[in-house]
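Remarks on the structure that follows.
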Amino acid sequence: MTTVSLFREWLCGFLPGLLLLFLAGCASHSSKLAPVITELTGHNIDAALQILEEEDLPSRDRLLLLMNRGLLLRLKGDFSESNQEFSTAKQLVEEFNAISLREQAMALTINDTTRSYAGAPYEQVLLNIYSALNYLDLGQADAARVEVLQVDLKLAALAGEDAGPLFDNDPLARYLSGIIYEAGGEYSDAMIAYRSAYQAYQQHGKRYSLAVPRQLKTDLLRNSERMGLEDENSRYQEQFGIDSWQGTNALQRQGELVFLFHNGLVPVKIEQSLMVPVQNSSRIQFVRIALPEYLRRPAGFSAARISINGHEATTERVENIEELAVAELAGNMPGIIARSAARAVLKYQVSKETGKQNDLAGLLVNLAGVLTERADTRSWLTLPAEIQLARIPIEPGIYDLKVELLDMAGRVTQRLDYPAVVLEAGKKTFLSYHGIHEVSLLRRRQ
């Protein structure tokens, strides 16, 4: 079946419901989930979950439902239920790797939203990252290790798909793998992961704001020393300008707090459209081009400052999800524009040919083509804009932890207390906080 005949076939069933599509179809994915985000910014997680459950998302958007629900459950502290959602989501990603020919044809004739959402590369990797963090919060280190093994396979698959250096070597995925391996005494694997993380931070730092974390530098120094890699250790000392660090033996006698600060909310995709009138013999037809664009959300916090028993550390950025999202869309834009242009030509031709036989039918076909041209604004909206990390080695014991959230000027805007945090010798204790600033204003990418 040709694309023209497919469009005609679909159009016959579409015209009776044209008005309903116009009224209901104008809402983009981001606008449909706006009430969920409103409750999230107000820290009303139960209300956000309820609204998400009540939202009538099509089956092709089931992955988005699972990802958003999984992250909301994590925010609620239901780590096991969160991982059930993420597990189903990962299975769905694998199923969607082979998109049906009919879906591809529909995308070429109607719009990109007719395809099942399979997740952007960075979103697929974050499924594994958040699954691993859930297991760490549950104290299930072995299960977290399985997740970092899976994310390694995912990154290898993305490399095979030529996803590009920004997506097949994720900095946080590599860094978290190193931390987990080191916590389990797998120092050789940890060293490999830390090297990969160092390379990933350098690669990403060339494209957007992301520096190599100071903590990673000391991890490389400590592990290269432990493994007797003298030349590599000397090279790191020269590169980093660090000539003293805590050795592995000292770290094994201590506990270590690993604090992750999930800051802000990822940008929102919106639709930008252009309506173009085209003179066609005796009448004017309209051609519509609709493209997605990201709107960033203003940053509410710059970092978190951690204090525990006289020790203090400020979080460093370890994953810039905002920039990954923008880069992913920019990389896909040539294909998006090409498909939109092809659809515009197809819809124009179908409308023109139909109008030769019947003016009213031609008008309706033209109207249908205009109304169905929509940009794909789907994305994982509950993700943070960035993830930051701080690590504090400290003598074993039970401590009261204090966290101060800093605004963009470095002033304390919020204080959090974590009483009776247990730190054991030779073990890492993981804590997370999602700092969501209560703002609704959005800004265009500069």
Side-chain angles (χ1 to χ4, degrees), residues 29 33 36 49 52-53 57-100 103 115-164 166-177 179-181 193 196 200 260 262 266 319 321 324-325 328 332 376 378-384 387 430 432 434:
H29 175 77
L33 294 190
V36 175
L49 278 166
L52 185 63
E53 293 290 344
L57 295 177
S59 59
R60 61 181 177 271
D61 292 346
R62 184 168 177 243
L63 178 63
L64 287 162
L65 176 65
L66 292 167
M67 293 192 299
N68 284 305
R69 191 161 57 195
L71 196 50
L72 288 172
L73 287 167
R74 171 175 168 77
L75 289 171
K76 189 180 176 183
D78 292 341
F79 304 122
S80 294
E81 290 187 39
S82 172
N83 265 357
Q84 290 178 11
E85 300 297 304
F86 289 152
S87 178
T88 305
K90 285 181 286 185
Q91 293 173 11
L92 208 55
V93 168
E94 295 304 316
E95 294 175 12
F96 285 161
N97 277 342
I99 298 177
S100 72
E103 280 196 350
R115 294 186 297 183
S116 296
Y117 189 77
Y122 72 92
E123 293 174 338
Q124 295 178 13
V125 172
L126 283 165
L127 277 172
N128 290 104
I129 289 176
Y130 273 114
S131 295
L133 292 177
N134 277 337
Y135 284 126
L136 291 172
D137 285 326
L138 290 166
Q140 300 176 16
D142 289 342
R145 183 182 180 279
V146 171
E147 287 298 328
V148 299
L149 290 173
Q150 288 183 1
V151 81
D152 191 57
L153 294 174
K154 169 58 67 177
L155 292 173
L158 290 172
E161 296 168 8
D162 196 24
L166 290 187
F167 304 107
D168 60 23
N169 198 14
D170 183 85
L172 178 56
R174 300 300 192 189
Y175 190 23
L176 183 62
S177 297
I179 295 173
I180 291 173
Y181 287 138
S196 296
L260 291 117
H262 309 256
V266 77
E319 186 90 311
I321 302 173
L324 285 175
E328 190 267 342
N332 287 335
D376 190 350
R378 295 174 295 180
S379 64
W380 188 353
L381 289 173
T382 51
L383 284 171
I387 300 176
F430 292 83
S432 290
H434 293 244

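For the numbers below, each heavy atom of this structure counts, side chains included, while hydrogens, waters and symmetry mates do not. Nothing here was measured: the structure is a model prediction, and the numbers come from that model.
Applying the side chain to side chain contact (heavy atoms under 4.5 Å, CB included) rule to Ala325 yields the partners Tyr122, Val266, Tyr294; only residues at least two apart in sequence or on another chain are considered. Residues satisfying the ring-ring contact (aromatic ring centres under 6.0 Å, His included) criterion with Tyr130, sequence neighbours excluded, are His262. In terms of the side-chain hydrogen bond (donor to acceptor under 3.5 Å, both in side chains) criterion, residue partners of Glu328 (sequence neighbours excluded) are, by chain and number, Asn332. Residues satisfying the side-chain hydrogen bond (donor to acceptor under 3.5 Å, both in side chains) criterion with Asp78, sequence neighbours excluded, are absent altogether. Among residues two or more places apart in sequence or in another chain, the side-chain hydrogen bond (donor to acceptor under 3.5 Å, both in side chains) test is passed with Glu147 by Lys90, Asn128. The side-chain hydrogen bond (donor to acceptor under 3.5 Å, both in side chains) check on Asn134 picks up Arg74, Ser82, Asn83, with sequence neighbours excluded.
Looking at heavy atoms from C-beta onward, Ile129 lies in side-chain contact with Leu172 at the 4.5 angstrom threshold. Side chains of Trp380 and Leu126 form a contact here, defined as non-hydrogen atoms less than 4.5 Å apart. A 4.5 Å side-chain heavy-atom check between Phe167 and Leu324 finds at least one atom pair inside the cut-off. Here the side chains of Thr382 and Leu52 are not in contact, with every heavy-atom distance at 4.5 Å or above. By the 4.5 Å heavy-atom criterion applied to side chains, Val148 and Tyr181 are counted as neighbours. The closest side-chain heavy-atom distance from Leu133 to Phe79 is not below 4.5 Å. For the pair Val36 and Leu381, the minimum side-chain heavy-atom distance is 4.5 Å or more.
Heavy-atom minimum distance, Ala132 versus Leu176: CB-CD2, 4.2 Å. Closest approach of Met67 to Tyr117, counting heavy atoms only: CE-CE2, 4.1 Å.
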| task | Start with the C-alpha gap between Arg174 and Asp152, add the side-chain angles, then the distance that decides, and say whether side chain to side chain contact (heavy atoms under 4.5 Å, CB included) holds. | result | CA-CA 8 Å; Arg174 300 300 192 189; Asp152 191 57; 2.6 Å; yes

| task | Begin from the C-alpha positions of Asn169 and Leu158 and carry the test side chain to side chain contact (heavy atoms under 4.5 Å, CB included) through to its verdict. | result | CA-CA 9 Å; Asn169 198 14; Leu158 290 172; over 6 Å; no

| query | How far apart are the C-alpha atoms of Val146 and Tyr135, what are their side-chain angles, what is the distance that settles it, and do they pass the side chain to side chain contact (heavy atoms under 4.5 Å, CB included) test? | reply | CA-CA 10 Å; Val146 171; Tyr135 284 126; over 6 Å; no

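Using a distance-only test at 3.5 Å, with no hydrogens or angles considered, a donor-acceptor pair links the side chain of Glu123 to the main chain of Ala120.
Comment: Asp170 does not engage Lys154 in a salt bridge, judged by the lack of any side-chain N to carboxylate O separation of less than 4.0 angstrom.
The only option from Arg62, Lys76, Arg69 that meets the salt bridge (Lys or Arg N to Asp or Glu O under 4.0 Å) definition with Glu85 turns out to be Arg69.
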